[in-house]
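Read the structure below first, then the notes.
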There are 2 protein chains.
Amino acid sequence: MHWKKIPDAVIRRLPIYLRVLEEASRENQKLISSQALGERAGVAPALVRKDLAWFGEFGKQGVGYQVNYLINELCSIMNLDRKVCVGLVGVGSLGYALARYHRARALREPSFRTHLVALFDNDPVKWGQMVDDLEIWPFDIIKDKVKEMNLEVIIMTVPAEHAQSVADRVAEAGIKAVLNFAPTKLNVPSDVQVADADVSLELQRLAYYLKSN
Amino acid sequence: MHWKKIPDAVIRRLPIYLRVLEEASRENQKLISSQALGERAGVAPALVRKDLAWFGEFGKQGVGYQVNYLINELCSIMNLDRKVCVGLVGVGSLGYALARYHRARALREPSFRTHLVALFDNDPVKWGQMVDDLEIWPFDIIKDKVKEMNLEVIIMTVPAEHAQSVADRVAEAGIKAVLNFAPTKLNVPSDVQVADADVSLELQRLAYYLKSN
DNA sequence: TAGATTGTTAATCGATTAACAATC
DNA sequence: TAGATTGTTAATCGATTAACAATC
């Protein structure tokens, strides 16, 4: 695109707006102001307007934003106006749970938009086992599967000590986006995006705030 | 404390430093420089020094930081120099998995420091069932259990539509820290800290970056 | 028209980086 | 001592907020 680079802080808020808008849509709201949207998203109204203004003029002065129109625009901006195929590596207890959770939610919420379609593990005992209607494949064939199934995002739920070597193989397979649950920093090529989702970091952060209160 | 308020951005990095330091300690490293610590944490060395300087002078010029000493200091700063008791509400597939994952990790890593000790659900069918060696209690008795077991943090893995009312009850029970996996913004009293951990927000953010690449 | 709310600019606030004297 | 690395200050960079003209 020809735009100036959009700050990541902005990109992180867009899915929150999307979530609020979809709620509003379910409640049959047709219009929403930056004030109301911001309140439900936990963001100042001026910031909501500024965030949206990076991408165009979506509102009407004195009126607000059309809920369904803005949902469509945001989906297109976020690259969610299509099926995004996701794979998961490491079907231990956490991987298993996330797999089931993700599929249940995708079934229930059509707005979920990311679809978990493949599971991988390197334990031969697990190969061929099913989680709901998904088969567990050997991790070794991930490169072929990425191509065959058009996987674009990989969720990593492997032990910390294997995370880096798995990440290497994942990057080699052409994946550009990884959601990493392992408690370790991954070194990946600069064109691969990693989102970290280590539960313990958040718990430890919360512990700090128990102090002052 | 008498300090100026520490920015949350700083607090979020401390657990990352802690993780790196514990790795280094396991590798029998005695000393670490802000350079090396920063590299493994993904943070600029100057920022590492500035973050630590909020709390005191822990290093020696020309030498660096003593790994084990800094671990102790950081634990004390983060309020992790003791057992932090955690409860979990909503033993669905995600809650069940997080429970098992958390306990397995706490057993394996003594440095984990937060301990999951109670599970709650409002489905009578689940009451009395065990997840590993933890019993599932009725959500209704959470207030008593918070007192009895000294719970300080609650992990919420309930459906979005129940999240707010659960949060109200949790806050009422005296809890000041919540890790929320439900895809909804919780309104809580200002002395209650909420950390959001909605997987779909991260997946959607990753989808955006698939575009430009 | 009058009231409401957008898009945008300028001001503020906060966080990160660069640089270096202090000192181990 | 010489080299290394801290703690800290000043400079830079970036993000948020306040304010308001434009306009529906």
Side-chain angles (χ1 to χ4, degrees), chain A residues 3-17 20-21 24 29-74 77 185 201 205 208-209, chain B residues 3-17 20-21 24 29-74 77 185 201 205 208-209:
Chain A
W3 304 317
K4 192 148 51 113
K5 195 194 168 299
I6 315 287
D8 185 59
V10 174
I11 301 305
R12 286 175 181 276
R13 283 189 294 265
L14 299 186
I16 304 179
Y17 300 153
V20 169
L21 289 164
Q29 238 180 292
K30 299 298 178 215
L31 287 165
I32 195 165
S33 65
S34 60
Q35 167 84 66
L37 173 45
E39 207 156 282
R40 293 176 65 164
V43 173
L47 189 50
V48 171
R49 297 199 297 278
K50 198 156 199 288
D51 285 347
L52 297 176
W54 284 91
F55 304 96
E57 308 194 356
F58 304 116
K60 266 207 179 74
Q61 281 99 329
V63 178
Y65 301 89
Q66 290 208 342
V67 172
N68 287 317
Y69 172 70
L70 191 51
I71 288 176
N72 282 334
E73 290 297 323
L74 280 181
I77 290 164
K185 213 216 141 222
L201 292 184
R205 173 175 156 258
Y208 173 82
Y209 290 104
Chain B
W3 303 318
K4 192 147 52 113
K5 195 193 169 298
I6 315 288
D8 185 58
V10 174
I11 301 304
R12 285 175 182 276
R13 282 188 294 266
L14 299 187
I16 303 179
Y17 300 154
V20 170
L21 289 165
Q29 238 179 291
K30 300 299 177 213
L31 287 166
I32 196 165
S33 65
S34 60
Q35 167 83 65
L37 173 46
E39 207 156 281
R40 294 176 67 167
V43 173
L47 189 49
V48 172
R49 297 200 296 277
K50 200 157 196 291
D51 285 347
L52 297 176
W54 283 92
F55 304 97
E57 308 194 357
F58 303 116
K60 266 208 178 74
Q61 281 99 327
V63 178
Y65 302 88
Q66 289 208 342
V67 172
N68 288 316
Y69 172 69
L70 192 50
I71 288 176
N72 283 333
E73 290 296 322
L74 281 181
I77 290 163
K185 213 214 141 220
L201 292 183
R205 171 173 157 258
Y208 172 82
Y209 290 104

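Note that the structure is a prediction, hence the values are computed from the model and not measured. Lettering of chains follows the sequences in order, A, B, ..., and the numbering in each one begins at 1.
For B/Arg49, the side chain to side chain donor-acceptor pair (under 3.5 Å) criterion is met by B/Ser34, not counting sequence neighbours.
Out of C/dT16, C/dG7, C/dA19, the shortest distance to the side chain of B/Ala46 is found at C/dA19.
In this structure, A/Leu37 CG and A/Leu52 CG are separated by 7.0 Å, a value rounded to the nearest 0.5 Å.
Between B/Tyr209 and A/Asp8 the shortest side-chain heavy-atom distance falls below 4.5 Å. Side-chain contact between A/Ile77 and A/Leu74 is present, with heavy atoms from C-beta onward closer than 4.5 Å. For the pair B/Tyr208 and A/Leu14, the minimum side-chain heavy-atom distance is 4.5 Å or more. With a 4.5 Å cut-off on side-chain heavy atoms, A/Tyr17 and A/Ile32 do not count as touching.
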Side-chain donor/acceptor pairs under 3.5 Å, residues 62-71 of chain A, sequence neighbours excluded:
residue, atom, partner, partner atom, Å
A/Asn68, OD1, A/Ser25, OG, 3.0

Under a cut-off of 3.5 Å for both distances of each Watson-Crick or G-U pair, what dot-bracket string does DNA chain D give, using [ ] for crossing pairs and | for inter-strand pairs?
..||||||||||||||||||||||
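Closest non-hydrogen pair, A/Val48 versus A/Gly38, comes out as CG2-CA, 3.6 Å. Closest non-hydrogen pair, A/Arg40 versus A/Ala24, comes out as NH2-N, 4.0 Å. The nearest pair of heavy atoms linking A/Arg205 to B/Pro15 is N-CG, 4.2 Å. Closest of all the heavy-atom pairs between A/Trp54 and A/Lys5 is CZ3-O, 4.0 Å.
Listed in residue order, the members of residues 59-70 of chain B having a heavy atom less than 4.0 Å from DNA chain C are B/Lys60, B/Gln61, B/Gly62. Near-neighbour residues of DNA chain D inside residues 30-40 of chain A, defined by a heavy atom below 4.0 Å, are absent.
Between the CZ atom of B/Arg49 and the P atom of C/dA22 there is a distance of 16 Å, given to the nearest Å. At whole-Å resolution of the value, CG in B/Asp51 and C1' in D/dT6 are 14 Å apart. What separates CH2 of B/Trp54 from P of D/dT9 is a distance of 12 Å, to the nearest Å. Atom NZ of B/Lys50 is separated from atom P of C/dA15 by 9 Å (rounded to the nearest Å). Nucleotide C/dA15 holds its C1' atom 8 Å from the CG atom of B/Leu47, rounded to whole Å. Per the geometry, CD belonging to B/Glu57 stands 18 Å off P belonging to C/dA21, to the nearest Å.
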Please tabulate, one pair per line, each protein N/O and nucleotide N/O from nucleotides 11-14 of chain D that are separated by under 3.5 Å, including the distance.
none

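Checking the phosphate oxygens (OP1, OP2) of D/dA15, no side-chain nitrogen or oxygen of A/Arg13 falls inside 4.0 Å.
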